[in-house]
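Have a look at the structure below before the remarks.
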Amino acid sequence: MDEDQCARRNAQKYLKVIDPDYYEFEAHIFFDDAFTQNEYGEPEINKFVKKIVDVIDQAASAVHQTQMRLKPPKKTKTPYGGKLTYIMPGKNKLYIHLKDNKKIRNKKRWSQVMYLYYLLGYRLMMKVDDPSRKEIISENTFILTLDGDVDFTPQSVYLLVDLMKKNRRLGAACGRIHPRGDGAMVWYQKFEYAIGHWLQKATEHMIGCVMCSPGCFSLFRAYALMDDNVARRYALTSEEPKHFIQYDQGEDRWLCTLILQRGYRVEYCAASDAQTFAPEGFNEFFNQRRRWIPSTIFNIMDLLKDYRNVVRVNESISIWYIIYQLVMLVSSILGPGTIFVMIIGAISISFTIDTMISLVIVSIPVIIFIVVCLVCKPEHQLICAQTIGAIFAMLMTAVIVGTSLQLQKDGLLSPHSMFTVAVATSFLTAAILHPLEFTCIIPGTIYFLAIPCMYMLLPIYSVCNMHTVSWGTREDPIITTDKTGKGGKNAGNLEAGGTMQRSGNWCTRLLCCGRGSVDPMAVLINDKLNDVLKKVERLDRKHHPSLNRRASILSSTGGTIQIDKCSEADEDEQAEIEDALEMSNQSHAARKNQKWKQAQSEVWLADKALKRAEREYLEPEEESFWNDVIEKYLAPIDMEKNNKERLEAGLLGEF
């Protein structure tokens, strides 16, 4: 994109060519959890950030087919973490935003909220003063959303932009996604994606609107995203369990649902191609679809519940399209049962056995899988799904042979034969109409063998694990530590100590429960608490003079110590002087601590990978913007163990 934009700019500037498709361009990369903590608790950029800094020259060289070396980036400390700014060979800017999950929310949806408010709220609304110019710019500003592993060409983007130019009410447009990778799971997805785009997306495009513009490669119009009921609702925090499924487990579909409800159109362009890496393993694929299936159903239900408003405000959606979506929803819900019955019939016909025997053969593994999903851990469920899926695949192989023999015996005019031929013909016709993608029909055999697993076992797994809140794909293993940042029995025992009491003995009791492990920090806390208690007593005597006449303090021996009023007054006066001095020292220490914390948060700027980068500072206006947005929408959400368990319990109770 940088190379293409540079060529167009130079053609206009030096050759005086009038280019109707000229555009301005900049790129933004958002890193979730871009920082790790070193042994001193200081933030450091993680291995992925270091890798992109290391290979960016190689990427530029590969695109331009010559040895390239980019100018070192500018590094900036920001309220959300940090930012690196590169100047690409074509003189366009590449911003790499480094998110610190202690300062801003992580996960994909919040990164999208982050750049929506930054690009549209700050760069467009706050930097442009003329209202009419704002509207013109917003209608002709587009955001191309990408995943980090997507590969595409500028030509694919032009085709999406052309769709935007033809219809001002077009809010989003998506292209044809081609899965990349190796292995049987990727072959299965090649056929699945092909059928989904050839048949379902094309149908939605023609009779209404595309329901989901995938976030891995889609173009959005800024004007549609800036609609208050789109941006504001998209930034809502999931308060209810069902909202977590709808908002966070399939954020791209949720965004498209909001766009459709505001009267904008979503379209599909079959000629706009993009490639993305698909899950290559069985477990990763199942976990991905475990998120997608409930999210799809919830968003369709949300659109159907609001059908009166949608039909009224969206001229592309008719009542017939709503009925079509209702039929598709019912079909999805009844799908596992339908496949179950079809497998029973296919086995009965292929092996010429009684239907009841076929029912028992199919029911036993399905019941076993349901029990495993309800009782066992997800990893055991996935092993069971692989095993039962392999058994069903072998049965389907026998079904293919049996069906072929049945076709020979009954002829093409039998109901069974006509149905089989009709399904095969529809797929073959779609492939012929897409000659450049005709090879995608070859893995259709794997797709057929996997039908019981993908259309019967997968929905069961998805429903039984609807309470799981993890993303499921492309996640690094998390190393858990205790609250002190160190492992060990003593730390665990200390944490399990006695309950808090409003006395100076609290810390002592806690240490006793530590089974002999004395924490110096706990001793320090104990001393500080005792100092506080003494100061409280002095304040009581100061505000209640009657207490100054005679004070009795219970000693450790059980007796009383008599304190004279004059000596108390002298001690109080001396204590006040000490308190004032201590406050002064604390104020000075606080200032030093604040400076130390600031220096500590900037340690990553001195990282070896960024030693050649030039330091840059945010404008006060931009820093104020980020502070306001983070406070209002993007403050970190506490998803510690207790909150996760509460959310999971809510999802279990809900469904």
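Fair warning: this is a prediction, and the values are worked out from it, not measured in the lab.
The structure places CG of Asn106 at 14.5 Å from CZ of Phe31, a figure rounded to the nearest 0.5 Å. Between Tyr118 atom OH and Thr78 atom OG1 the span is 10.0 Å, to the nearest 0.5 Å. Atom CZ of Phe277 sits about 8.5 Å away from atom CG of Asp151, to the nearest 0.5 Å. Interatomic distance, CE of Met1 versus CE of Met88, reported as 9.5 Å (0.5 Å rounding). Atom CG in Asn167 sits 13.0 Å away from atom CG in Asp162 (nearest 0.5 Å). Separation of atoms OG1 (Thr76) and NZ (Lys83) is listed at 5.0 Å; rounding is to 0.5 Å.
The closest side-chain heavy-atom distance from Lys190 to His178 is not below 4.5 Å. Side-chain contact between Phe191 and Cys440 is absent, with no heavy-atom pair separated by less than 4.5 Å.
Formation of a donor-acceptor pair under 3.5 Å by the Ser624 side chain with backbone atoms of Glu621 is not found in this model. No donor-acceptor pair under 3.5 Å is formed between the side chain of Ser218 and the backbone N or O of Cys174. The closest donor-acceptor contact from the side chain of Arg221 to the backbone of Leu170 lies under 3.5 Å. Judged purely by atom type and a 3.5 angstrom limit, Lys201 uses its side chain to pair as donor or acceptor with the backbone of Cys212. Asp100 contributes no side-chain N or O that, together with a main-chain N or O of Phe35, makes up a donor-acceptor pair within less than 3.5 Å. A distance-only check finds no donor-acceptor pair linking the side chain of Glu42 to the backbone of Asn38 [under 3.5 Å]. Checking side-chain atoms of Arg105 against main-chain N and O of Met114 turns up no donor-acceptor pair under 3.5 Å.
Among the candidates Lys107, His243, Arg291, Arg109, the single residue satisfying the side chain to side chain contact (heavy atoms under 4.5 Å, CB included) test with Asp248 is Arg109.
Counted by atom type alone, Ser156 and Asp273 present zero donor-acceptor pairs between their side chains at under 3.5 Å. In summary, the side chains of Lys99 and Ser111 do present a donor paired with an acceptor at a separation below 3.5 Å, with no hydrogens or angles considered. Between Ser213 and Arg253, the side chains place no donor N or O within less than 3.5 Å of an acceptor N or O (distance only, hydrogens not considered). Between the side chains of Tyr80 and Asn101, no donor-acceptor pair is found at a separation under 3.5 Å. When only modelled atom types and interatomic distance are considered, Tyr22 and Gln5 share a side-chain donor-acceptor pair under 3.5 Å.
Salt bridge absent: Asp54 and Lys50 never bring a charged side-chain N and a carboxylate O closer than 4.0 Å. Using a cutoff of 4.0 Å between basic side-chain nitrogens and carboxylate oxygens, Lys77 and Glu602 are scored as salt-bridged. Checked for salt-bridge contact, Lys165 and Asp21 meet the test: a charged N lies under 4.0 Å from a carboxylate O. Ion pairing between Glu267 and Arg169 fails under the 4.0 Å rule for side-chain N and carboxylate O. Classification of Lys108 and Asp147 as a salt-bridged pair holds, one side-chain N sitting under 4.0 Å from a carboxylate O. Checked for salt-bridge contact, Glu192 and Arg289 meet the test: a charged N lies under 4.0 Å from a carboxylate O. Ion pairing between Glu614 and Lys75 fails under the 4.0 Å rule for side-chain N and carboxylate O. At a threshold of 4.0 Å, the pair Glu437-Arg176 counts as salt-bridged, since one of the basic side-chain nitrogens sits closer than that to a carboxylate oxygen.
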| request: Could you check Thr257 against Asn299 for side-chain hydrogen bond (donor to acceptor under 3.5 Å, both in side chains), going step by step and ending with a plain yes or no? | output: CA-CA 7 Å; Thr257 300; Asn299 276 285; 3.2 Å; yes
| field | Residues Leu219, Ile143; criterion side-chain contact (heavy atoms from CB on, under 4.5 Å); working and verdict | value | CA-CA 6 Å; Leu219 192 70; Ile143 295 179; over 6 Å; no
| said: Does Leu84 form a side-chain contact (heavy atoms from CB on, under 4.5 Å) with Ile52? I'd like the steps, not just the answer. | reply: CA-CA 11 Å; Leu84 304 178; Ile52 196 172; 5.9 Å; no
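Checked against the 6.0 Å centroid threshold, Tyr95 and Tyr86 do not count as a close aromatic pair. You'll find the ring centres of Tyr122 and Tyr117 outside the 6.0 Å limit.
Heavy-atom neighbours of Trp110 CH2 from other residues, nucleotides or ligands within 6.0 Å: above the threshold of 12. Other residues, nucleotides and ligands place no more than 12 heavy atoms under 6.0 Å from the CZ atom of Arg168. More than 12 heavy atoms of other shown residues, nucleotides or ligands fall within 6.0 angstrom of atom OH in Tyr158.
Taking the six-membered ring for Trp and thresholds of 30 and 60 degrees, Tyr115 and Phe30 have ring planes inclined between 30 and 60 degrees apart. In this structure, Phe25 and Tyr23 have perpendicular ring planes: the angle between them is above 60°, well past the 30° mark.
For Ile177, the side-chain contact (heavy atoms from CB on, under 4.5 Å) test picks out Tyr193, His197, Pro214, Cys216, Phe217, Ala274, Thr276, with sequence neighbours left out.
Listed here is the closest heavy atom pair of Ser272 and Leu160: OG-CG, 3.6 Å.
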